[in-house]
Amino acid sequence: MASTKKSISQKKADKEKQDNLVLSRVYYVFLVGLVAECYLFLVYRGYAVGSVDSMLAWNTVLKVLMWVGLAALVIGAVVWYMKREDKKLRRIMPWVAGAGAFFALSGWVMTHFFSNGMGVTTMCVLVPIVAVFVLVYLLYQHECALSTVALGGAMFTVWVRSASASSNHWKIPVIVGCIAALALLAAAAYLANKAQKDEGKLKKIQVLSPECDYRILYAALAVAAVGVLLAVLLPAISVYLMWLLGVALFAELVYFTTKLM
């Protein structure tokens, strides 16, 4: 009897420890997202709408940070892989690589898409979207995270397509990006189908919960794909597509929230 009570007590302690770990990660994600957004707003004031001297100075700074970030990404990833048995480095190096990836990507986007501050605006929109995706991954089922990424990513893709529809310079690259997004959605559906045949596992790794409702997951992927495809063919209706995708995203999150109750 005592051993049974001890077992129950241990399970409660393990669950509390896991919950605290998740809450800690949620706090760090929120804090990192807030810091990144403050940095981007600072860049926006000095680079997108600042004086000529300010723009030139920020252009140099962003290019330097881009290369420094790329170096940090490579070093962080290599050291993490080579020293993955070292617990301290295993915790630190992903942060180094993540920060490097942020500065490399944001520096490239903001300096290459300078017209009308489009690059800075895109990053300002992208950072909270990514932060929300990570929070959903930490707090919800994996299939909810996949559905949210699909629908939210489709909304972002449709917005970029709408913003670039009148640009002769970026129209083709954005269309190519939309086609790449469609390919990723198709790949996600294919992998989900493979996981469905093995109780949510891919190569013995549990990627989706055993009780996953695949009808909802496939519906989310299909709605996202149709939204992106229509945006490519009919960019004039992008605003309506974003509303429809937003409604689908809200409904999907409500559904998965009720499953957690």
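Any value given below was found using the heavy atoms of this structure, including those in side chains, with hydrogens, waters and symmetry copies removed. Everything numeric in this text was worked out from a predicted model, so none of it was measured.
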message: Measuring centre to centre across the rings, with the benzene-like ring taken for any Trp, is Tyr240 within less than 6.0 Å of Trp243?
response: no
query: Any donor-acceptor pair under 3.5 Å linking the side chain of Glu252 with the backbone of Ile216?
result: no
message: Quick check on the hydrophobic clustering: are Val109 and Phe41 connected, directly or via other members, by side-chain heavy-atom contacts under 4.5 Å?
response: no
Working for side-chain contact (heavy atoms from CB on, under 4.5 Å), residues Leu65 and Phe102: CA-CA 10 Å; Leu65 288 176; Phe102 169 74; over 6 Å; no
query: What distance do Gln141 atom CD and Leu208 atom CG have between them, rounded to the nearest 0.5 Å?
result: 10.5 Å
From CE (Met66) to CG (Leu105), nearest 0.5 Å: 11.0 Å
- prompt: Once you round to the nearest 0.5 Å, how far does CG of Leu230 lie from CG of Leu234?
  reply: 6.5 Å
- prompt: For atom OH of Tyr255, is the number of surrounding heavy atoms from other residues, nucleotides or ligands below 6.0 Å larger than 12?
  reply: yes
- prompt: Out of curiosity, Phe133 CZ to Phe156 CZ, how far, rounded to the nearest 0.5 Å?
  reply: 9.5 Å
task: Classify the ring geometry between Tyr218 and Tyr214 as parallel (under 30°), tilted (30 to 60°) or perpendicular (over 60°).
output: tilted
- prompt: What class does the angle between the rings of Tyr137 and His142 fall in, given that below 30° is parallel, 30 to 60° is tilted and above 60° is perpendicular?
  reply: parallel
statement: Ala145 and Val136 have their tightest heavy-atom pair at CA-CG1, 3.8 Å
query: If you group Ile, Leu, Val, Met, Phe, Trp and Tyr by side-chain heavy-atom gaps below 4.5 Å, do Val207 and Leu191 land in one group?
result: yes
Over 12 non-hydrogen atoms of neighbours within 6.0 angstrom of CD in Gln206: yes
task: Give the intermediate values and the outcome of side-chain contact (heavy atoms from CB on, under 4.5 Å) for residues Arg161 and Val158.
output: CA-CA 5 Å; Arg161 170 63 177 143; Val158 170; 5.5 Å; no
- request: From the options Leu221, Leu245, Val247, select the one residue that forms a side chain to side chain contact (heavy atoms under 4.5 Å, CB included) with Leu151.
  value: Leu245
- request: Measure the CZ-OG distance between Arg45 and Ser54 for me, rounded to the nearest 0.5 Å.
  value: 10.0 Å
message: To check you understand the geometry: which heavy-atom pair defines the closest contact between Ser147 and Leu217, and what is its length?
response: OG-CD1, 3.4 Å
query: Of the non-hydrogen atoms in Tyr47 and Met110, which two are nearest, and what is the gap between them?
result: CE2-O, 3.3 Å
Same apolar cluster: Leu233 and Ile237, side chain cutoff 4.5 Å: yes
message: Other residues, nucleotides and ligands only: do more than 12 of their heavy atoms fall within 6.0 Å of CH2 on Trp80?
response: no
query: Which distance, rounded to the nearest 0.5 Å, do you find between the CG of Leu182 and the CG of Leu229?
result: 6.0 Å
statement: For Cys144 and Phe256, the nearest pair of non-hydrogen atoms, with its separation, is CB-CG, 3.5 Å
field: Check: Val26 and Leu139 side chains under 4.5 Å, non-hydrogen atoms
entry: yes
message: How close do Met93 and Ile75 get, counting heavy atoms only, and between which atoms?
response: SD-O, 4.5 Å
message: Is there a side-chain contact (heavy atoms from CB on, under 4.5 Å) between Leu73 and Phe103? Walk through the geometry before answering.
response: CA-CA 9 Å; Leu73 171 60; Phe103 284 111; over 6 Å; no
query: Closest heavy-atom contact between Leu202 and Ala195?
result: CD2-N, 3.9 Å
field: Verdict with reasoning, Lys63 to Asn59, per side-chain contact (heavy atoms from CB on, under 4.5 Å)
entry: CA-CA 6 Å; Lys63 288 183 177 179; Asn59 186 65; 3.6 Å; yes
query: Is a side-chain donor-acceptor pair under 3.5 Å present for Thr121 with Tyr44?
result: no
Cluster check Met82, Val74: I/L/V/M/F/W/Y, side chain < 4.5 angstrom: yes
- request: Answer yes if Leu126 and Val32 sit in the same cluster of Ile, Leu, Val, Met, Phe, Trp and Tyr residues linked by side chain heavy atoms under 4.5 Å apart, and no otherwise.
  value: no
